[in-house]
S.K.: 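Submitted below is the structure of interest, expressed as structure tokens.
On a predicted model such as this, the values are computed, not experimentally measured, just so you know. Whatever order the structure lists ligands and atoms in, that order sets their numbers, starting from 1.
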Amino acid sequence: MKLQEVMGRLPRANLAPLPTPITRLYNTENRLQYRKLYLKRDDLTGLGAGGNKVRSLEYLIGHAMEQGCDTLVASGQDQSNLCALTAAAAARADMGCVLIHNSPKPDANRGNRLLNHILGVETIFLDNTPQAEREQFAQNYCRQLSAKGRRPYLIENGATTGRGALGYVHAMLELVKQRKEQDLSIRHLFAPGGNGGIAAGLIYGNALLGFPFKLHIISVEDTAAVLSAHISDTIHQIEAITGLPFSHTLDQAADINDAYRGEGWAIPTQESQAEVLRFARDEGIFIEHVYTAKLMVGFTDYLKSGKIDADACAIHTGGFGALFAQYP
Ligand SMILES: *Cc1c(COP(=O)(O)O)cnc(C)c1O
């Protein structure tokens, strides 16, 4: 069976207005004296402050509903984009929502936390608990909910699972269709790599479609070796769901670059700090510090240094809500 058919049979909730637009970056082109540059607007996914996690949630919530679940349980830090988008998606899907934050209760409701407050979801603060313990707590909490007669659906590992990554297999099908319909010449595609869910979905989809794009994954967190291991794990999980083998090595299938991550997750670099301002002032589009700022630093460096020489597109993965809490 073909990828498209298999994807069409998997349970999926309709949450995002798709396809998201592809915008030309005229002012960045002029500044860099480069050929055509594009931005895939996955910040415009139509729920909350928008972002990539809505695509994951379409498949996770589809799966949850298929199993008759009535409550989504997500965990992350208090500014987590996953948590905020889960809260909004739960409202939309008419489900309950519990957020478990491994960070102290903040004094003020800022950024994504404000949106969660407005959405009125149940929130638990665990202080600075390590991620593994947070996940353990979430599992136990689900058992307690079940004992009370609720039907919880646990969103694990920041939605970076095979099921969540299906959102970016879908995005790859969408990109190929959009490129054809709009007669775009995009050859290189750039995306950020955190836990590697976006990367796994894109790499898997791109390979099964015969490599329509050259993929560049810009790590914002880990070394290329560690990120690659996460991506491989997630690709295996996708294979188990779709039944269609990947049958390539990761090295052949994508360029995974850790040169722009600085000291790691959520720690800005000088360049990424400047890029938040540069991008807004050039394009009128806001990016935040953790993901898209580092992605755009990598993207523009590839263009400036002549590492690539064909039309290119970066994926804006959103996170706008968190921007309001990223300036003290
Ligand atoms: C979670 C997130 C990412 C990273 O996604 P992974 O699948 O973990 O690599 C990128 N951008 C934003 C805005 C996110 O919230």
S.K.: Strictly by modelled atom types, are D42 and T317 linked by a side-chain donor-acceptor pair under 3.5 Å?
M.R.: no

S.K.: Of the protein's non-hydrogen atoms, which lies at the shortest distance from atom 4 (C) of ligand 1, and what is that distance?
M.R.: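 Ranked first by proximity to atom 4 (C) of ligand 1 is Y291 CE2, 3.5 Å.
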
S.K.: Would you say the ring centers of Y302 and F190 fall short of 6.0 Å from each other?
M.R.: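 Close enough - the centres of the two rings lie under 6.0 Å apart.
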
S.K.: Spell out, yes or no, whether I218 and I315 are grouped together once hydrophobic residues are joined by side-chain heavy atoms under 4.5 Å, including indirect joins.
M.R.: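 The answer is no; the residues belong to distinct hydrophobic clusters.
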
S.K.: Answer with side chain, backbone, both or neither: which part of N81 has a heavy atom less than 4.0 angstrom from an atom of ligand 1?
M.R.: side chain

S.K.: Less than 3.5 Å between some nitrogen or oxygen of G194 and one of ligand 1, yes or no?
M.R.: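 The answer is yes, given that G194 and ligand 1 share an N or O pair closer than 3.5 Å.
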
S.K.: Could you go through E275 and K294, starting from their C-alpha distance and side-chain angles, then the distance that decides it, and tell me whether this counts as salt bridge (charged side-chain N to carboxylate O under 4.0 Å, His left out)?
M.R.: CA-CA 8 Å; E275 191 65 10; K294 284 181 183 170; over 6 Å; no

S.K.: Of all the non-hydrogen atoms in the protein, which one sits nearest to atom 1 (C) of ligand 1, and at what distance?
M.R.: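 So the nearest neighbour among protein heavy atoms is K53 NZ, 1.4 Å.
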
S.K.: Counting only heavy atoms not in K307 (residues, nucleotides, ligands), do more than 12 fall under 6.0 Å from its NZ?
M.R.: yes

S.K.: State the atoms of ligand 1, each with its element, that fall below the 4.0 Å cut-off from a heavy-atom position in G318.
M.R.: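 In order of numbering, the contacting atoms are 13 (C).
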
S.K.: For ligand 1, is G158 a contact, meaning one of its heavy atoms is under 4.0 Å away?
M.R.: no

S.K.: If you measure every N/O of G319 against every N/O of ligand 1, is any gap under 3.5 Å?
M.R.: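 No.
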
S.K.: Have a look at ligand 1 and work out which part of V290, if any, has a heavy atom under 4.0 Å from it: side chain, backbone, both or neither.
M.R.: neither

S.K.: Considering only protein heavy atoms, which is closest to atom 8 (O) of ligand 1, and at what distance to one decimal place?
M.R.: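 Nearest neighbour among protein heavy atoms for atom 8 (O) of ligand 1, to 0.1 Å: N195 N, 2.8 Å.
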
S.K.: Examine R179 relative to F213 and say whether NZ or CZ is less than 6.0 Å from the centre of the six-membered ring and inside a 45° cone about the ring axis.
M.R.: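 Ring-cation test returns yes.
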
S.K.: I198 to ligand 1: N or O pair under 3.5 Å?
M.R.: yes

S.K.: Strictly by modelled atom types, are R31 and T300 linked by a side-chain donor-acceptor pair under 3.5 Å?
M.R.: no

S.K.: Just distances here: any N/O of G197 and N/O of ligand 1 closer than 3.5 Å?
M.R.: yes

S.K.: Do the two ring centres, one from F211 and one from H248, sit under 6.0 Å apart?
M.R.: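 F211 vs H248: aromatic centres under 6.0 Å.
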
S.K.: Based purely on interatomic distance, does E288 place a nitrogen or oxygen under 3.5 Å from a nitrogen or oxygen of ligand 1?
M.R.: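 Between E288 and ligand 1 (N or O atoms, distance only) the closest approach is not under 3.5 Å.
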
S.K.: Heavy atom under 4.0 Å from ligand 1: found in T160's side chain, backbone, both, or neither?
M.R.: side chain

S.K.: Tell me the protein heavy atom at minimum distance from atom 11 (N) of ligand 1, and give that distance in Å.
M.R.: T317 OG1, 2.6 Å

S.K.: If you take the centroid of each ring, where Trp contributes its six-membered ring, are Y291 and H316 closer together than 6.0 Å?
M.R.: no

S.K.: Of all the atoms in ligand 1, which lie at a distance below 4.0 Å from a heavy atom belonging to G193?
M.R.: 9 (O)

S.K.: Under 3.5 Å, is there a donor on one side chain and an acceptor on the other for Y168 and N206?
M.R.: no

